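Notes follow the structure.
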Amino acid sequence: MIQFFNVSKIYSPNIIALDDVSIKIDKGEFVFLVGPSGAGKTTFIRLLLREELPSRGQILIGGRSISRLRPREIPFLRRNIGVVFQDFRLLPDRTVAENVAFALEVLEMPRREIKPRVEKALARVGLTARAHFFPHQLSGGEQQRAAIARAIVNNPHILVADEPTGNLDPAIAREIMNIFLEINRMGTTVIIATHAWNIVNSLRKRVIALERGRLVRDDREGVYGYEA
Ligand SMILES: Nc1ncnc2c1ncn2[C@@H]1O[C@H](COP(=O)(O)OP(=O)(O)OP(=O)(O)O)[C@@H](O)[C@H]1O
Ligand SMILES: [Mg+2]
């Protein structure tokens, strides 16, 4: 479970990126994070990953305050949260399989354990046939599939994505969202910041809306709610 208690993030001198946000996200939920540009969506995600600390308030994951983690505990937090970005962020000089394996190599997992996990992750995103391709040989949608495989290969409890379909055409964006839905069906909590209004409107999942840093809406079967 993820809990924000009165979380604010203020960048100097006085940019209020998040303003007194309190929210609870249960294990296994699927959540869209929406709001105009500059509303605080990326800030919300960066706080969750502990890339930034709140200026005020508390963030609890699994009942533990992530601000209070000891430095050597931070890698354990990050291992439990997979992350996907708009621009894929694959290593250009490694194949798809090597990119996915790399996420486990840095954890010093033995080779014989890595191989089956990579194969399983690639199968889950439908990329088995492209395992030995380099990123530049893939379409945008395929690159994003590879990035999702990398994010889930360690079986994180939480998967976070910041505008994962922002660089993709609408049909491919739907395919990518379907992969996130499938991952969520297997029990992973999924949080997606997005401007993909048509997808949000058709799926009717929980929608959390931010505006100028404030939480303005939290609907169980929500809609995008802004002009496209
Ligand atoms: N490192 C930073 N230093 C100063 N200001 C920042 C920093 N990061 C974000 N901000 C500001 O905080 C506010 C929220 O930004 P954020 O990136 O969270 O918005 P967003 O909702 O993700 O927008 P977008 O939809 O354009 O990605 C903006 O006003 C932004 O300029
Ligand atoms: Mg953003």
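Each ligand, and each atom within it, is numbered from 1 in the order the structure gives. The figures here come from the full heavy-atom set of this structure, side chains too, leaving out hydrogens, waters and symmetry mates. Just so it is clear, the structure is predicted and the values come from calculations on it, not from any experiment.
- Ranked by closest heavy atom to atom 22 (O) of ligand 1, the top entry among Leu33, Ile15, Thr42 is Thr42.
- Ligand 1 lies nowhere less than 4.0 angstrom from a heavy atom belonging to Lys9.
- Between Glu221 and Arg204 there is no salt bridge, since none of the side-chain N atoms of the basic residue sits less than 4.0 Å from a carboxylate O of the acidic one.
- Within a 6.0 Å radius of CZ in Arg78, other residues, nucleotides and ligands contribute more than 12 heavy atoms.
- By the 4.0 Å N-to-carboxylate-O rule, Arg220 lies close enough to Glu29 to be salt-bridged with it.
- A ring-centre distance under 6.0 Å is not found for Phe30 and Phe180.
- Within a 6.0 Å radius of NE2 in His157, no more than 12 heavy atoms belonging to other residues, nucleotides or ligands are found.
- Within the coordination shell of the Mg ion (ligand 2), defined by N, O or S atoms under 2.8 Å, Thr43 is absent.
- The closest heavy-atom contact to atom 13 (C) of ligand 1, among the options Ala39, Gly38, Gly35, comes from Gly38.
- At the top of the distance list for atom 1 (N) of ligand 1, counting protein heavy atoms only, stands Tyr11 CE2, 3.5 Å.
- The Glu163 neighbourhood of ligand 1 comprises atoms 24 (P), 25 (O), 27 (O), with distances under 4.0 Å to a heavy atom of that residue.
- Within a 4.0 Å radius of atom 30 (C) of ligand 1, the protein contributes no heavy atom.
- In terms of polar-atom proximity, Glu52 is not counted as a contact of ligand 1, lacking any N or O under 3.5 Å from an N or O of the ligand.
- Considering only non-hydrogen protein atoms, atom 12 (O) of ligand 1 sits nearest to Ala17 CB, 3.2 Å.
- Contact check on Arg64 versus Glu73 returns a salt bridge, with a Lys/Arg side-chain nitrogen under 4.0 Å from an Asp/Glu carboxylate oxygen.
- Among protein heavy atoms, atom 26 (O) of ligand 1 sits closest to Ser37 OG, 2.5 Å.
- Here Arg214 does not pair with Glu211 in a salt bridge; the nearest charged N to carboxylate O distance is not below 4.0 Å.
- With salt bridges taken as basic N to acidic carboxylate O contacts below 4.0 Å, one links Arg206 and Asp218.
- Heavy-atom contacts of Thr43 reach the following atoms of ligand 1: 14 (C), 15 (O), 16 (P), 18 (O) (cutoff under 4.0 Å).
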